[in-house]
There are 2 protein chains.
Amino acid sequence: MGIIERKERDKQEMRLKILETAQQIFIEEGFEKASIRAIADRIEYSPATIYLYFKDKNELFFSVHEMGFEKLILEMTIAIEGITDPIEELRARGFAYMKFAFQNPEMYDLMFIQNAPMESIKESSVWTCGHQCFELLCQTIQKCIDQNYIRFDDIYIASMSIWSFMHGLVSLKIRNRFQKFGEAHVNELMKSSVEQMIAIISK
Amino acid sequence: MGIIERKERDKQEMRLKILETAQQIFIEEGFEKASIRAIADRIEYSPATIYLYFKDKNELFFSVHEMGFEKLILEMTIAIEGITDPIEELRARGFAYMKFAFQNPEMYDLMFIQNAPMESIKESSVWTCGHQCFELLCQTIQKCIDQNYIRFDDIYIASMSIWSFMHGLVSLKIRNRFQKFGEAHVNELMKSSVEQMIAIISK
DNA sequence: TTGTTCAACTAAACAGTGTTCAGTAAATTT
DNA sequence: AAATTTACTGAACACTGTTTAGTTGAACAA
């Protein structure tokens, strides 16, 4: 009896369709404009239908942000292929992170700035994809500490610090707090900032 | 003829009343809950009245965020009183910044994370209060570089980097991305992170 | 004092949001 | 063929920011 299997497939397909449409709209027009009604309109279903596949908007965008993490984790993995020096690995991961943010600003915003995805795992649940991504950084930092290439001794303090530094740069840019530096130069300044920071924390 | 002066005073008073009520509601209940209607309700005027004093919600919250900057700038000024060593000054300013964020999370959010205040100065206008605050950091960094106490040579790269680091820490906390570390330990970890960073960039 | 002007204010509406629920219609099972 | 289950939706609810036409009372000029 393949009917229940086909139904299950249909259900997953529909879920994916909603997810991809949500992602598409919000990448093109931002989180604000990605309303349930706009998504429903584009897939030609009623808004109420979306609630048969997702508990609420937060849960829907939690799933979208998970797709973002899949991409970021992939890119941060590819970035270090063939690199042996731990500091070079750290640089590669840092620039992969920044590149992702530049190329997918709306997605970065959702993953690391917006409240929505975190609201959906408030209490009880866990931010698995976030931790997975953080783990990549920890692995690199671990190597740096082991080989005595970095001015940190604690992996978690180091990882927390470096992540915060990178996120600070990127999120101040995304949320327009670097207005002062001008759209034209800010990206170059940010890259210099990362480069200098790596030089300073290396030993 | 003091009538037009009294009217001007009344107008300013009303403006301030709206501003303070907006601040109050949003500090207590967050940005989302601080709706025009909620503010209007509390001051016992109709929502439309608010639009006689502010162009839109963005402009209203731009003014609220300016009050936040007045406070932050004051605290970051007081914090360094009596300190002569530039690195100690940097530490004091860093911890004053972090303390402000811990004690006024909603206001910090508005000042450095929310889009609203920046939307109201999009194009043409300038983020004066933000630049003023950044200038304080630059002054301290300048001293550090002049006295050769810090591993940076460029003031702007240094200031940008240190601000980004601090903002990254604070904003990841505020937007719940440090879930992993647990509510109980995260504040201590953040302080250690700042302490270590200062140790590393000092020379 | 009267009539007029002007400013402050608001009720009501518009267009949008997330979300819920009763009801329909078709597919599946008995 | 009848009963049940499933997928879906129209319409409503309670909100949001914002605009506009209209009211009311104070200030001014005759």
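Predicted, not measured: the structure shown is a model, and the values here were computed from it.
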Trace of the side-chain contact (heavy atoms from CB on, under 4.5 Å) decision for A/Phe62 with A/Asn58: CA-CA 6 Å; A/Phe62 180 85; A/Asn58 289 338; over 6 Å; no
Determine: side-chain N/O of A/Tyr53 to OP1/OP2 of D/dC8, distance under 4.0 Å, yes or no. yes
May I ask you to verify if any side-chain N or O of B/Thr49 is less than 4.0 angstrom from the OP1 or OP2 atom of C/dC9? no
Scan side-chain atoms only and decide if B/Glu20 and B/Gln24 contain a donor-acceptor pair under the 3.5 Å cut-off. no
Which whole-number value in Å describes the distance from B/Leu52 CG to C/dT10 C1'? 10 Å
How close or far is atom C1' of D/dT19 from atom CD1 of B/Ile50, stated in whole angstroms? 15 Å
Could you check which residues of residues 17-45 of chain B get a heavy atom under 4.0 Å from DNA chain C? Sort them by number, please. B/Arg37, B/Tyr45
Integer-rounded Å distance: C/dT20 P and A/Phe54 CZ: 15 Å
Taking the side chain of B/Tyr51 as its heavy atoms from C-beta onward, which of C/dT19, D/dG10, D/dG17 lies nearest to it? D/dG17
Can a donor-acceptor pair be found, under 3.5 Å and without considering hydrogens, that links the side chain of B/Gln179 to the backbone of A/Trp127? yes
Side chains of A/Thr140 and A/Arg93: any donor to acceptor distance under 3.5 Å? yes
Closer than 4.0 Å, any side-chain N/O of B/Lys55 to the OP1 or OP2 of D/dT18? no
Measure from CZ on B/Arg15 to C1' on C/dC9 and round the result to the nearest Å. 18 Å
Would you say the ring centers of B/Phe95 and B/Phe102 fall short of 6.0 Å from each other? no
Please check if the side chain of B/Arg177 supplies one atom and the backbone of A/Met111 the other of a donor-acceptor pair under 3.5 Å. yes
